[in-house]
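Report on the structure given below.
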Protein chains: 2
Amino acid sequence: MKKKDLDERKKKVLQAIVEEYINTAEPVSSGSITKGHGLDYSSATIRNDMAQLESIGFLDKPHTSAGRVPSAEGYRYYVNELLKEDNLSLEEIKYIQNKLKIKVNEIEDLTKVATTTLSEITHYTTVAVGPKADKQIIEEIKFVSLGQRMLMVVIVTDTGLVKETIIKFDEDITESQVDTLNNLFNTRLRGKPLSKIDKPMADYIFSEVHYSIGIMKAIIEQINKIVEEENNNIFLEGAKKSFDLPEFKSMKVAKNFVNLLDAKDEMLEIFNSGDAEDINVFIGDDDENSNLKDFSIITFKHTLGDKDLGTIGIIGPKRMDYAKVIAVMKYISKKLNEDNDKKEGM
Amino acid sequence: MKKKDLDERKKKVLQAIVEEYINTAEPVSSGSITKGHGLDYSSATIRNDMAQLESIGFLDKPHTSAGRVPSAEGYRYYVNELLKEDNLSLEEIKYIQNKLKIKVNEIEDLTKVATTTLSEITHYTTVAVGPKADKQIIEEIKFVSLGQRMLMVVIVTDTGLVKETIIKFDEDITESQVDTLNNLFNTRLRGKPLSKIDKPMADYIFSEVHYSIGIMKAIIEQINKIVEEENNNIFLEGAKKSFDLPEFKSMKVAKNFVNLLDAKDEMLEIFNSGDAEDINVFIGDDDENSNLKDFSIITFKHTLGDKDLGTIGIIGPKRMDYAKVIAVMKYISKKLNEDNDKKEGM
DNA sequence: TTTAGCAATCAAACACAAAGAGTGCTAAAG
DNA sequence: CTTTAGCACTCTTTGTGTTTGATTGCTAAA
């Protein structure tokens with residue numbers, strides 16, 4: 001049997017199982033879904049369907065006399081084919097509106113508020129990562145001296161993001177040197193992506209500036225550090241909530257969770273791999289020794305027009321309430337764009 | 001019996017029990033400490049001592065036929081009276097030296113490196129909190145305009161800390177306004193602690209500047225936000241390591257741990273309450289429903305002369321290796337001061 | 001004061017039975 | 001051909017009683 005060709009009843013059975021399991025976190029028996037969910041068959045009939053759904057890999061059986069549990073594939077089919085839109089309650093809508101109403105100076109703050117709100121409404125752990133360095137265009141680089149031996153570098157990007165760093169030197173730095181720096185860096189980097197501040201760029205700067213190698217080295221080092229940090233910056237919210245989930249009774253699951261949150265590279269890869277237009281659902285595979293085994297990640301891009309302002313996501317159990325989460329995300333995503341439009345126009 | 005008047009043998013027995021428990025995480029039986037630890041008595045003798053140590057509250061008994069476990073009071077006595085200095089291995093010393101050698105631009109970075117190193121050597125979770133706002137003296141406030149409607153505020157404090165924030169306005173701001181701001185804030189705030197940027201100060205500024213109430217409000221709001229953030233800033237390292245501890249097999253303990261890390265106010269209170277000169281040991285009380293029940297916190301102040309540069313600490317199980325942790329902390333604390341001396345002199 | 005000896009205590013481990021949940025299969029009914 | 005009732009079978013969970021082993025507390029002797 002082709003996996004796509006589920007007859008209507010089997011679809012309903014799968015859907016009922018997934019939804020039941022999301023609610024109860026217990027294996028679902030054939031008897032428990034004979035009524036409701038648009039079904040009205042005997043448990044024997046359901047059982048036959050279940051056996052087939054298992055044989056094509058959509059269901060798992062913890063052991064003979066337990067019910068069935070959706071497999072990662074089962075969840076995927078459910079999310080792609082069976083999920084029906086959930087509607088937010090009026091309170092939820094009001095709550096979100098109220099939260100996103102705040103005035104912010106940096107887009108980054110707005111992303112954070114949205115991430116926090118998402119966690120508050122869904123009760124899952126949420127995460128925000130900034131846009132990658134190659135997506136951020138430098139609008140201005142400004143060097144400001146703070147006393148004789150201290151210099152601040154400010155980088156303003158088109159995402160409204162402003163990054164600063166302080167550099168201290170062993171030697172004095174003059175105002176004219178600061179001017180040179182401002183000229184040099186701006187003519188060279190304005191309009192380029194953040195990621196352009198790299199080795200070739202450093203070499204060029206070195207070739208242009210013949211004095212104070214020490215100063216130049218310190219500057220380039222520090223700027224590289226900002227870019228690096230910017231590329232690896234992860235904001236986390238509501239991690240503690242996850243520990244109330246029933247799956248966290250298993251120490252193994254809890255440990256996988258903290259390992260997952262700690263594996264920033266893995267997280268960044270997932271968060272940056274999603275499609276820009278859509279809500280992306282990553283359902284943890286069944287691989288026994290993956291951190292992701294028990295979890296799913298759902299992400300969406302915070303955008304303004306075609307500007308990438310970073311990715312916001314949720315990390316929950318595979319058994320998470322996909323319909324609700326996706327509905328909340330869609331709403332927040334829409335609101336973020338509305339608000340941004342207003343801000344642009346102001 | 002007075003708690004302080006333990007005879008020599010009882011001290012040794014208590015010490016042996018604590019150390020054995022630290023090693024094994026299992027209740028300690030009378031039989032297991034008849035030899036070694038400077039003891040050479042029969043188990044019956046040890047048993048008598050144990051019974052008395054229990055009656056004065058230094059030991060607990062999970063149940064009749066288990067061994068004994070130190071109580072919070074027992075740990076306290078051990079730490080205050082019995083602990084003998086541990087020595088670091090040559091490798092450990094080298095490792096720390098190497099890590100702290102790095103050149104930093106902000107003291108904050110040095111604190112972070114020290115905190116990370118502390119976690120790496122001890123394998124416990126470590127934490128750093130910055131100095132409180134009333135301990136940080138403002139050396140300069142600088143307003144820098146970034147385009148017509150964007151202003152950056154930089155605050156340099158005597159701890160070398162530089163805080164920046166960006167403020168966006170709905171109206172244009174002129175260079176002369178920026179000059180006024182610089183004058184006003186600097187004459188008023190230079191030499192004052194960060195915490196002085198408060199309501200009375202805001203009122204004063206309002207009374208002096210008669211134009212652009214909107215701009216002034218935005219500025220004061222933002223500055224308050226920095227100070228607030230600065231006061232609540234917690235840096236955490238190695239939280240994941242704790243999950244390998246045997247005590248984390250109990251979900252209750254794991255949950256207490258994440259709750260503890262999440263309860264920033266509680267953490268800050270503990271971290272800020274320590275004595276400046278010393279290494280401070282907070283041993284979790286026996287109170288059943290406290291987050292701290294299973295944990296101890298050890299802190300020391302990162303200082304330079306009499307300047308408070310923040311507090312660094314460790315959060316581990318009550319059963320943690322106090323001798324080792326304290327030894328490492330003492331060494332790092334000393335090194336931080338040495339390095340700072342060098343940095344001051346450069 | 002210390003220790004040997006021993007009964008008493010209690011968790012942990014084991015074994016076994018019974019109960020309960022749920023399946024898979026078969027054969028009959030629709 | 002699809003659906004369903006019926007029932008044997010499987011496997012976990014729960015309960016119970018038993019044994020084992022660790023460890024203590026007490027007593028009486030060294």
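Contact check, Lys61(A) against dA21(C): no side-chain N or O comes under 4.0 Å of OP1 or OP2. Contact annotation: Ser30(B) reaches the phosphate of dT24(D) (side-chain N/O to OP1 or OP2, under 4.0 Å). The side chain of Thr45(B) contributes an N or O atom lying less than 4.0 Å from OP1 or OP2 of dT3(C).
Rounded to whole angstrom, the span from the CE atom of Met50(A) across to the C1' atom of dT3(D) amounts to 17 Å. Rounded to an integer number of Å, the gap from CG of Leu39(A) to P of dT3(D) is 12 Å. Rounded to an integer number of Å, the gap from Asp49(B) CG to dT2(C) P is 8 Å. Summarising the geometry, the separation between CD1 on Ile17(B) and P on dT24(D) is reported as 9 Å, rounded to the nearest angstrom.
Annotation: of the two residues near DNA chain C, Ala44(A) and Ser29(A), the 5′-most nearest-nucleotide partner is Ser29(A).
A donor-acceptor contact shorter than 3.5 Å links the side chain of Ser71(B) to the backbone of Gly57(B). Within the 3.5 Å criterion, the main-chain N or O of Ser30(A) finds no donor-acceptor partner in the side chain of Ser43(A).
Taking Tyr124(A) as the reference, nothing meets the ring-ring contact (aromatic ring centres under 6.0 Å, His included) condition, with sequence neighbours excluded.
Pair assignment for dG21(D) gives dC10(C), based on Watson-Crick or G-U wobble hydrogen-bonding distances that are each under 3.5 Å.
Across all their heavy atoms, Ile283(B) and Arg76(B) have their closest contact at O-NH2, 3.0 Å.
Side-chain N/O atoms of Ser42(A) and Thr45(A) include a donor and acceptor closer than 3.5 Å.
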- [ ] Take nucleotides 7-17 of chain D nucleotide by nucleotide from the 5' end and write B, S or -, depending on whether a protein heavy atom sits under 4.0 Å from the base, only from the sugar-phosphate, or from neither.
- [x] ---BBS-----
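When the options Lys241(A), Glu247(A), Lys249(A) are evaluated for a side-chain contact (heavy atoms from CB on, under 4.5 Å) with Leu245(A), the one that passes is Glu247(A).
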